[in-house]
Amino acid sequence: MTTTASENATSIAELERLKVLHNGQKEKLTFSNAEFERRLAGLRRIMAEKDLDAVVLTSYHSIKYYSDFLFTYFGRSYAMVVTKDDTVTVTANIDAGMPWRRSYGDNLVYTDWRRDNYIHAIQEVLRTRGISVRRLGVEDDSLPLDNRNKIQAAFESATLVDVAQAAMRQRMIKSAEEIEVIKHGARIGDLGGEAIRNAITAGITEYEVALIGTEAMVHEIARTFPDSEIRDTWVWFQSGINTDGAHNWATTRKIQKHDILSLNCFPMTSGYYTALERTLFYGEPDARSLELWNINVEVHKRGLELIKPGAVCKDIAAELNEIYMGHGLLANRTFGYGHSFGVLSHYYGREAGLELREDIDTVLEPGMVVSMEPMITVLDGQPGAGGYREHDILVVGQDGAENITKFPFGPDYNIIGA
């Protein structure tokens, strides 16, 4: 394995397949070394339980969780190889030394000069450590079939064993360091919400409002986390008919008097997702709109009360369903009542075992972080048309839950004078 550049190369064939690029110095990471060792100890317990010789992580969320490195895909594959003794991220040459600077553990770079250098790098990490692989952990929920087949061919006699679900369960319980980052994220989301609320006026477009909120949050992230990468923070700001879906992107539609509005701030701190979502109106809502809004606020308030240690996810959903049924609105729901927080975004990650849905029987425990976010949608042409939703983040403790979202919700605060 070559570890230095091929000097005086006169053809592609002379360039190295793999590199060690310790360029510069290690950056200050998001979490302490002790925190990364805690996480890796958890993964190694999973390895021991499943009798694994090593694990090859390939997802955004797992590589980020165990190394602090969040890769940029652009059609190239990435990995983190975890053995019983050490860890190595496997990254593309296009990123040069940045992955090593921003990751816990070692790093090996693969080049483009041969098609399967990525697989070759994984092989070399294990070969140079004297590991003869019998059982190899992989992430079946996010590993492309093509790469899985190549890994299997590279370790022909090995059994590939899924670790994705076990790793997800580990991520569901947050450490004190993680909760601190999440609390800052909630605070920063509130700041973005205030910037958006102050920007709302007739004629401004959705995307202009979104940019204002995003800029406010990015500046605060940079101030709070001066050693971090600045990336991935965004806002979905919707108005009128565009409020019907929770994940509708901002458009060029201009805000009009009496519009229903939806404010959705997503400050991303080092891969950690937080969110603030609120219904607002620009000008006084009509009677049916106000009625629907207050019903959704009723569900939201009860949901906040139900989040506590010992509560079962599906039981929370069932009780909140009863409120909607009493108002004839159960069919207007559009998604589950809440979900876990951590290393996730709209393009990676999801701790699906911790969602407030009818098919999830997870029991809430101290250290879990969940949202309460009820939503109903009334279709265009019907009285009160629009999407109504609120969203708070709660940290489950020993005796209850702490609501770390402070931006007010409901008609008393979020009717903007037109």
Side-chain angles (χ1 to χ4, degrees), residues 17-21 23 27 29-30 36 39 43 55-82 87-125 136-154 160 162-165 167-168 171 214 218 221 228-234 236 247 249 266-274 341-352:
R17 298 184 69 178
L18 307 175
K19 299 180 180 181
V20 172
L21 275 177
N23 191 38
E27 301 284 352
L29 301 181
T30 312
F36 286 111
R39 298 178 184 190
L43 181 57
V55 170
V56 177
L57 303 170
T58 50
S59 67
Y60 285 101
H61 39 282
S62 284
I63 294 174
K64 176 64 182 178
Y65 182 76
Y66 292 108
S67 79
D68 213 31
F69 170 61
L70 185 60
F71 64 83
T72 302
Y73 177 53
F74 259 116
R76 291 179 172 87
S77 298
Y78 290 76
M80 180 180 181
V81 181
V82 180
T87 67
V88 183
T89 50
V90 174
T91 62
N93 193 37
I94 195 169
D95 299 326
M98 182 271 290
W100 176 76
R101 293 194 299 273
R102 292 198 169 273
S103 65
Y104 184 76
D106 208 348
N107 171 256
L108 181 62
V109 172
Y110 72 92
T111 68
D112 286 351
W113 319 133
R114 286 177 61 175
R115 181 170 297 277
D116 287 324
N117 283 349
Y118 166 69
I119 300 298
H120 177 61
I122 294 171
Q123 289 177 300
E124 284 294 282
V125 169
L136 183 65
V138 295
E139 296 181 274
D140 278 340
D141 65 343
S142 56
L143 176 61
L145 182 59
D146 184 49
N147 276 354
R148 194 184 198 280
N149 289 340
K150 288 180 179 180
I151 291 172
Q152 182 67 82
L160 303 189
D162 180 45
V163 299
Q165 299 307 306
M168 176 193 70
R171 296 196 310 274
T214 302
V218 167
I221 290 170
S228 68
E229 292 178 320
I230 303 300
R231 56 180 293 182
D232 297 334
T233 292
W234 83 100
W236 285 322
H247 295 169
W249 289 83
F266 306 99
M268 293 292 295
T269 302
S270 191
Y272 273 72
Y273 171 95
T274 46
F341 284 75
V343 182
L344 60 98
S345 180
H346 60 81
Y347 62 94
Y348 61 84
R350 192 161 189 89
E351 295 168 13

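No hydrogens, no waters, no symmetry mates; every other heavy atom, side chains included, goes into these values. Keep in mind it's a predicted model, so treat the numbers as computed, not measured.
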>> Please report the interatomic distance CD1(I122) to CG(N117), rounded to the nearest 0.5 Å.
In response: 11.5 Å
>> Is any side-chain heavy atom of F69 closer than 4.5 Å to one of Y78?
In response: yes
> Which distance, rounded to the nearest 0.5 Å, do you find between the CG of L108 and the CE of M80?
Replying inline: 13.5 Å
> What residues, two or more places apart in sequence or in another chain, satisfy salt bridge (Lys or Arg N to Asp or Glu O under 4.0 Å) together with D141?
Replying inline: none
> Should we count CD1 of I94 as having more than 12 external heavy atoms under 6.0 Å?
Replying inline: no
> How close do R76 and A92 get, heavy atom to heavy atom, and via which atoms?
Replying inline: CD-CB, 3.5 Å
> Partners of N149 by side chain to side chain donor-acceptor pair (under 3.5 Å), sequence neighbours excluded?
Replying inline: none
> Roughly how far, to the nearest 0.5 Å, is CZ of F71 from CD1 of I63?
Replying inline: 5.0 Å
>> Looking at Y60 and L70, would you say the former's side chain and the latter's main chain have a donor-acceptor pair under 3.5 Å?
In response: no
> By side chain to side chain contact (heavy atoms under 4.5 Å, CB included), which residues pair with R39, not counting sequence neighbours?
Replying inline: F31, E35, F36, Y65, Y66, Q170, E178, Y272
>> Distance check, rounded to the nearest 0.5 Å: R101 atom CZ versus D95 atom CG?
In response: 10.0 Å
> What are the two closest heavy atoms between V109 and A96, and how far apart are they?
Replying inline: CG2-O, 4.1 Å
> Can you tell which of L160, L57, T58, V163 makes a side-chain contact (heavy atoms from CB on, under 4.5 Å) with V138?
Replying inline: L160
> For the side chain of R102 and the backbone of E27, is there at least one donor-acceptor N/O pair under 3.5 Å apart?
Replying inline: no
>> Return the CG to CH2 distance between N23 and W100, rounded to the nearest 0.5 Å.
In response: 8.5 Å
>> What's the separation between atom NZ in K64 and atom OG in S345, rounded to the nearest 0.5 Å?
In response: 12.0 Å
> Which heavy atom in A79 sits nearest to a heavy atom in V56, and how many Å separate them?
Replying inline: CB-CG1, 4.0 Å
> Do T91 and N107 get their side chains close enough for a donor-acceptor pair, meaning under 3.5 Å?
Replying inline: yes
>> Within the supplied structure, the quantity of interest is the number of heavy atoms (other residues, nucleotides, ligands) at a distance under 6.0 Å from R114 CZ; does it exceed 12?
In response: no
> Within a strict 4.5 Å, meaning less than it, do heavy atoms of the I119 and Y110 side chains meet?
Replying inline: no
>> Is any side-chain heavy atom of D106 closer than 4.5 Å to one of T87?
In response: no
>> So which atom in M168 and which in R350 form the shortest heavy-atom distance, rounded to 0.1 Å?
In response: SD-O, 4.2 Å
> When T269 is tested against each of I221, T233, T30 for side-chain contact (heavy atoms from CB on, under 4.5 Å), which residue passes?
Replying inline: I221
> Stepwise, does the side chain to side chain contact (heavy atoms under 4.5 Å, CB included) test hold for L18 with T111?
Replying inline: CA-CA 6 Å; L18 307 175; T111 68; over 6 Å; no
> With sequence neighbours excluded, what pairs up with S59 under the side chain to side chain donor-acceptor pair (under 3.5 Å) test?
Replying inline: H61, S62, E139
> So, do L21 and N93 sit near enough that their side-chain heavy atoms are less than 4.5 Å apart?
Replying inline: yes
> Is there a donor-acceptor pair closer than 3.5 Å between any side-chain N or O of S67 and the backbone N or O of Y104?
Replying inline: no
> Are more than 12 heavy atoms from other residues, nucleotides or ligands located less than 6.0 Å from atom CZ of F74?
Replying inline: no
> Who passes ring-ring contact (aromatic ring centres under 6.0 Å, His included) against F266, sequence neighbours left out?
Replying inline: W234, W236, Y273
> Does a donor on one side chain sit under 3.5 Å from an acceptor on the other, for Y118 and N147?
Replying inline: no
>> Looking at every non-hydrogen atom in both residues, tell me the closest pair between E351 and F341 and how far apart they are.
In response: OE1-O, 3.6 Å
> Residues in side chain to side chain donor-acceptor pair (under 3.5 Å) with D140, at least two apart?
Replying inline: R148
